[in-house]
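Take a look at the structure below.
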There are 2 protein chains.
Amino acid sequence: MLIEIDFNSDEALYLQLRNQIILGIATNTFHEGDVLPSVRTLADEIGINMHTVNKAYSVLRSEGYVKVDRRRGAVISVSEAKEEHLRQIRNILSSTVLEAVCRNVSKEELHKMIDDIYKEYGF
Amino acid sequence: MLIEIDFNSDEALYLQLRNQIILGIATNTFHEGDVLPSVRTLADEIGINMHTVNKAYSVLRSEGYVKVDRRRGAVISVSEAKEEHLRQIRNILSSTVLEAVCRNVSKEELHKMIDDIYKEYGF
DNA sequence: CCTCTGTTATAGAAATGTTATAACAGAGGT
DNA sequence: ACCTCTGTTATAACATTTCTATAACAGAGG
């Protein structure tokens with residue numbers, strides 16, 4: 001998978017990397033059980049430090065997207081704690097809804113946006 | 001309005017403040033034209049530095065939630081550049097949708113969540 | 001044994017967040 | 001005129017976070 005990092009972005013490198021990997025999982029570029037490149041390999045490919053990649057992997061592990069095996073490396077393994085995921089996503093959505101309400105964006109418009117995004121990615 | 005700041009949160013103080021004010025606007029605690037407390041007053045009330053409040057106000061201004069008048073202070077004035085707001089909200093939603101897809105959260109579940117959040121706030 | 005994993009421990013540089021003083025210009029009230 | 005209230009600007013200092021750089025360690029496999 002092509003990982004694209006924008007060094008001019010104000011988003012932290014390890015978060016960009018996290019997001020790219022989540023994108024990869026969502027779009028089926030990475031499948032359950034796939035092994036991500038080692039921290040050193042990926043760091044070299046992207047041209048960043050090993051520890052930055054390690055931080056991204058640690059975040060992904062703590063969020064339940066990968067399991068890290070000392071011998072095999074980081075393996076895609078999406079947690080199935082759905083209740084917790086729902087809570088987490090609800091939290092993010094809450095902020096978005098508040099901003100939408102301020103901007104006179106209706107519930108229906110948000111629904112449509114979500115549908116559009118699903119279509120856009122072909123889900 | 002009661003502004004609640006959590007000093008143990010890992011979220012920056014100025015962002016917590018920004019979010020609380022957006023919450024206030026969304027829930028109609030703050031209305032169009034209302035004047036927010038001066039940076040010094042609010043800083044004293046909360047117990048933080050004037051510049052931190054100023055940063056929150058600056059962010060809110062750049063995002064189109066308030067207009068800052070040198071004589072009157074920060075006045076609630078929600079921008080009406082709806083196209084831009086839609087783009088912005090769509091961006092935030094995109095990340096959320098990707099995470100949802102990874103977690104096997106369906107489009108319908110997201111719709112329901114949004115409806116629930118709207119209900120929760122009484123919109 | 002050698003090499004590959006992630007992990008840990010330091011250390012330093014750079015950027016960001018927060019606080020602290022101080023001063024300025026503009027507007028309103030007295 | 002004077003005082004006081006706005007936001008704004010300019011410094012400075014400090015803590016935290018982010019990113020890099022080296023180095024070493026333990027576990028597993030060839």
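Naming convention: chains lettered A, B, ... in sequence-line order (proteins, then strands); numbering from 1 in each chain.
Atom CG of A:Asp44 is separated from atom P of C:dG6 by 12 Å (rounded to the nearest Å). Distance CG (B:Leu15) to C1' (D:dT16): 15 Å, rounded to an integer number of Å. At whole-Å resolution of the value, CZ in A:Phe7 and P in C:dA15 are 15 Å apart. B:Leu42 places its CG atom 12 Å from the P atom of C:dT19, with the value rounded to the nearest Å. Note: CG (A:Asp69) to P (C:dC4) measures 18 Å, nearest angstrom. When the P atom of C:dA22 is taken as reference, atom CG of B:Asn49 falls 13 Å away, rounded to whole Å. What separates NZ of B:Lys67 from C1' of D:dT6 is a distance of 18 Å, to the nearest Å. For the pair A:Met50 CE and C:dT5 C1', the computed distance is 12 Å after rounding to whole Å.
A salt bridge links B:Lys82 with A:Glu109: at least one charged nitrogen is closer than 4.0 Å to a carboxylate oxygen. Salt bridge status for A:Lys112 with A:Asp116: present, with a side-chain N to carboxylate O gap under 4.0 Å.
OP1 or OP2 of D:dT6 sits under 4.0 Å from a side-chain N or O of B:Ser38. Here A:Tyr14 does not reach the OP1 or OP2 of D:dC19: none of its side-chain N or O atoms lies under 4.0 Å away. The phosphate of D:dT18 (OP1 or OP2) has a side-chain N or O of A:Lys55 nearer than 4.0 angstrom. In this model, the phosphate group of D:dA21 is not approached by any side-chain N or O of A:Thr52 to a distance below 4.0 Å at OP1 or OP2.
With a 3.5 Å ceiling on both atom-pair distances, the Watson-Crick or G-U wobble partner of C:dA14 is D:dT17. Under the Watson-Crick or G-U wobble criterion, with both distances below 3.5 Å, D:dG29 is paired with C:dC2.
Counting only heavy atoms from C-beta on, B:Asn54 has its side chain closest to D:dG7 among D:dT6, D:dT20, D:dG7. For A:Tyr57, the listed nucleotide lying nearest its side chain is C:dG6; candidates were C:dT18, C:dG6, C:dT8. Counting only heavy atoms from C-beta on, A:Arg61 has its side chain closest to C:dT7 among C:dT19, D:dT9, C:dT7.
Both the sub-6.0 Å distance and the 45° axial angle are satisfied by A:Arg103 relative to the ring of B:Tyr65.
If you check the side chains of A:Glu80 and B:Asn104, you find no donor sitting under 3.5 Å from an acceptor.
Judged by distance alone, with hydrogens and angles left aside, A:His51 brings no side-chain donor or acceptor close enough to the base of C:dT7 to form a pair under 3.5 Å.
A donor-acceptor pair is defined here as one N or O able to donate and one able to accept, closer than 3.5 Å; such a pair exists between the side chain of A:Ser94 and the backbone of A:Arg90. Side-chain N or O atoms of B:Ser9 include none that pairs as donor or acceptor with a backbone N or O of B:Asp6 at under 3.5 Å.
Two residues, A:Arg72 and A:Asp10, neighbour DNA chain C, and the one matched to the more 5' nucleotide by heavy-atom proximity is A:Arg72. Closest-nucleotide positions on DNA chain D for A:Arg40 and A:Leu13 were compared, and the one nearer the 5' end corresponds to A:Leu13.
As judged by a 4.0 angstrom heavy-atom cut-off over every strand, B:Ser58 is placed among residues making no nucleic acid contact.
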